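Report on one structure; see the data block that follows.
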Amino acid sequence: MYENLGDGTFAQRTPEGLGDESLRGLGVIAADLDGDRDTDLYVTNDVEPNLLYRNDGPFRWTELGRRASVATNDQGRAEGSTGVAIGDYYNDQKFDLWVTNCDDEYCALHRGMGRMSFSYATNAAQIPVTDERSIGWGTQLADFDLDGDEDIIIINGHLERYSPYHDQRPQLLENIDGKYFVLSGLDSKFFQTPQPGRGLATGDLDRDGRIDLVVTRINANCGLIRNESRGQGAYLTVRLVGTQSNQDAIGTVLTLKAGERSWVRQIAGGGSYASTHDLSVHFGIPAEATAAQKQGTSQPGTTSLRVDWPSGQTTEVAVPKLDTEMLIIEGE
């Protein structure tokens, strides 16, 4: 770990609590996982237990992977973990962890139960139906169809060059009301074409409110995939700049309330695999939650946004309209 000295230079540190064993780390995500406004770390390892480091103060950490039930699968077996993402697929205001794994293994969905505790939810969410000898890499939780819940995308590709499964189809898992996932994108050429996938970065590249994809592939051109989903919902994109907090606002939690419903999102560092996503925060808002505002009959304050910064500050703003972008600077 390197400490930022604030003058463009870094100093190597040996943080208290970070293990010194040699593991095959492939993914890392930095986010506030226990709600105390500091940045925790979750590290995915190949064929070795994954690690969850709770931030206990400046350069002090406690490893809680097994205690938090995110070190292994539900049978206590370490898997070939690679990509990682954070989200709230269950829409219960608690952050979940998603991990892509090797072939003959199911990807791991860890439902957040609050305060650094998780429950293995792969089976309950019907993730096993997607298993097709895939090796998952880049990944993300995002609302691709603007219906208010976060879907999952997985970029696949085999390690062995001469394997008959070397090229593999990407997978899009559609979230059904926060309860379970179904394989989607069945009419998309991209999702039906086997390819040697690796990295995934997501962001709204054409600024139309729908999350697009950038995919890296072994010995092949980078893929640029435009999202043309025809959902009836609205969107809100929020860009943050920290002043007292870190400038990229890593670890900031945003809560959007529209009508009787609310959603949480967080800006995380790292994630996916050998890639990084756009740091703007994207909310998909279903049509039934936006009807009054689109018709101009909503009351002031019906749609609002709360921003909880790592510094301890909280910003609350009214959202005057949807299908737009907002820029929020900490303290202004």
Side-chain angles (χ1 to χ4, degrees), residues 26-27 44 46-47 73 79-85 87 89 96-109 121-123 125-147 149-176 180-206 210-231 271-277 284:
L26 290 175
T44 61
D46 183 18
V47 201
N73 64 14
E79 298 179 304
S81 299
T82 51
V84 60
Y89 87 94
D96 314 304
L97 290 171
W98 164 258
V99 181
T100 55
N101 285 324
C102 200
D103 54 346
D104 297 323
E105 298 172 344
Y106 299 137
C107 293
L109 180 62
T122 292
N123 298 319
Q126 299 183 18
I127 299 299
V129 301
T130 70
D131 182 45
E132 50 181 39
R133 299 187 61 84
S134 305
I135 297 182
W137 301 95
T139 192
Q140 176 66 309
L141 278 158
D143 187 353
F144 292 105
D145 52 359
L146 305 183
D147 64 350
D149 50 36
E150 291 181 294
D151 312 297
I152 297 174
I153 184 170
I154 313 165
I155 302 302
N156 298 308
H158 207 280
L159 281 169
E160 298 177 8
R161 178 180 301 178
Y162 300 107
S163 167
Y165 305 102
H166 181 262
D167 291 358
Q168 299 179 340
R169 291 177 293 173
Q171 294 169 324
L172 177 62
L173 310 185
E174 182 180 356
N175 188 336
I176 307 300
Y180 61 94
F181 292 86
V182 298
L183 194 60
S184 187
L186 301 181
D187 58 348
S188 165
K189 180 179 179 180
F190 171 72
F191 287 104
Q192 293 308 307
T193 302
Q195 48 197 285
R198 284 299 184 271
L200 167 71
T202 60
D204 181 6
L205 300 178
D206 54 2
R210 294 173 290 191
I211 298 297
D212 308 300
L213 314 175
V214 180
V215 178
T216 61
R217 298 177 281 208
I218 298 296
N219 294 323
N221 290 334
C222 179
L224 176 60
I225 299 89
R226 185 174 64 187
N227 184 350
E228 297 181 344
S229 301
R230 295 180 176 84
S272 195
Y273 173 79
S275 315
T276 187
H277 306 297

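Given the structure is predicted, the values throughout are model-derived calculations rather than measurements.
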Gap between atom CG of Asn101 and atom OH of Tyr106 - 0.5 Å precision:
12.0 Å
Mind listing the closest non-hydrogen atom pair of Gly83 and Thr44 along with its distance?
O-CG2, 4.4 Å
Apply side chain to side chain donor-acceptor pair (under 3.5 Å) to Asp96 and list each qualifying residue two or more places apart in sequence or on a separate chain.
none
When you look at Ser134 and Ile154, which way does the side-chain contact (heavy atoms from CB on, under 4.5 Å) test go after all the steps?
CA-CA 10 Å; Ser134 305; Ile154 313 165; over 6 Å; no
Results of salt bridge (Lys or Arg N to Asp or Glu O under 4.0 Å) for Glu150 - residues two or more places apart only:
Arg265
Contacts of Phe191 that satisfy side-chain contact (heavy atoms from CB on, under 4.5 Å) - sequence neighbours left out
Ile153, Pro170, Leu172, Ser188, Leu213
Can you tell me if Thr82 uses its side chain to pair, donor with acceptor, with the backbone of Gly136 under 3.5 Å?
yes
Spell out, as yes or no, whether a donor-acceptor pair under 3.5 Å connects the side chain of Asp212 to the backbone of Leu205.
yes
Would you say the side-chain atoms of Ser275 pair up with the backbone N or O of Gly199, donor to acceptor, closer than 3.5 Å?
no
So, the side chain of Thr122 versus the backbone of Ile127: is there a donor-acceptor pair under 3.5 Å, distance only?
no
So do Tyr273 and Ile155 actually touch side chain to side chain, heavy atoms under 4.5 Å?
no
How close do Ser272 and Leu200 get, counting heavy atoms only, and between which atoms?
OG-O, 2.7 Å
Arg217: partners by salt bridge (Lys or Arg N to Asp or Glu O under 4.0 Å), with sequence neighbours left out:
none
Within this structure, what is the CG-CD distance for the pair Leu183 and Gln171, rounded to the nearest 0.5 Å?
6.0 Å
Under 3.5 Å, side chain of Thr202 to main-chain N/O of His277, donor-acceptor pair present?
no
With salt bridge (charged side-chain N to carboxylate O under 4.0 Å, His left out) as the rule and sequence neighbours excluded, what pairs involving residues 218-231 come up?
Arg226-Glu228
With sequence neighbours excluded, tell me which residues meet side chain to side chain donor-acceptor pair (under 3.5 Å) with Asn73.
Glu79
Closest non-hydrogen atom pair, Gln168 against Gly157
OE1-N, 3.2 Å
The test is side-chain contact (heavy atoms from CB on, under 4.5 Å); show your working for Tyr89 and Ile152 and say whether it passes.
CA-CA 9 Å; Tyr89 87 94; Ile152 297 174; 5.9 Å; no
Please check this pair: side chain of Asp103 against backbone of Ile135, looking for a donor-acceptor N/O pair closer than 3.5 Å.
no
Sequence neighbours excluded, the answer for side chain to side chain donor-acceptor pair (under 3.5 Å) partners of Thr139 is Trp98
Between Arg210 and Asp204, does any NZ, NE, NH1 or NH2 come within less than 4.0 Å of an OD or OE carboxylate oxygen?
no
For Glu160, which residues count as a side-chain contact (heavy atoms from CB on, under 4.5 Å) partner, sequence neighbours excluded?
His158, Ser163
Those residues at least two apart in sequence (or on a different chain) that pass side-chain contact (heavy atoms from CB on, under 4.5 Å) with Thr193 are Lys189, Gln195
Where Gln140 and Ala85 come nearest, the two heavy atoms and their spacing:
OE1-CB, 3.8 Å
Report the distance from atom OG of Ser184 to atom CG of Leu173, rounding to the nearest 0.5 Å.
9.0 Å
Is the count of non-hydrogen atoms from other residues, nucleotides or ligands lying under 6.0 Å from Tyr180 atom OH greater than 12?
no
Residues in side chain to side chain donor-acceptor pair (under 3.5 Å) with Thr216, at least two apart?
none
Sequence-distant partners of Asp151, side-chain contact (heavy atoms from CB on, under 4.5 Å), two or more places apart:
Asp143, Phe144, Asp145, Asp149, Glu174, Asn175
So, using salt bridge (Lys or Arg N to Asp or Glu O under 4.0 Å) as the criterion, who are the partners of Arg169 when residues are at least two apart?
Glu132
Hey, what do you get for CG (Leu141) to CG (Leu97), rounding to the nearest 0.5 Å?
9.5 Å
For Asp206, look at atom CG and say whether over 12 heavy atoms of other residues, nucleotides or ligands are found less than 6.0 Å away.
yes
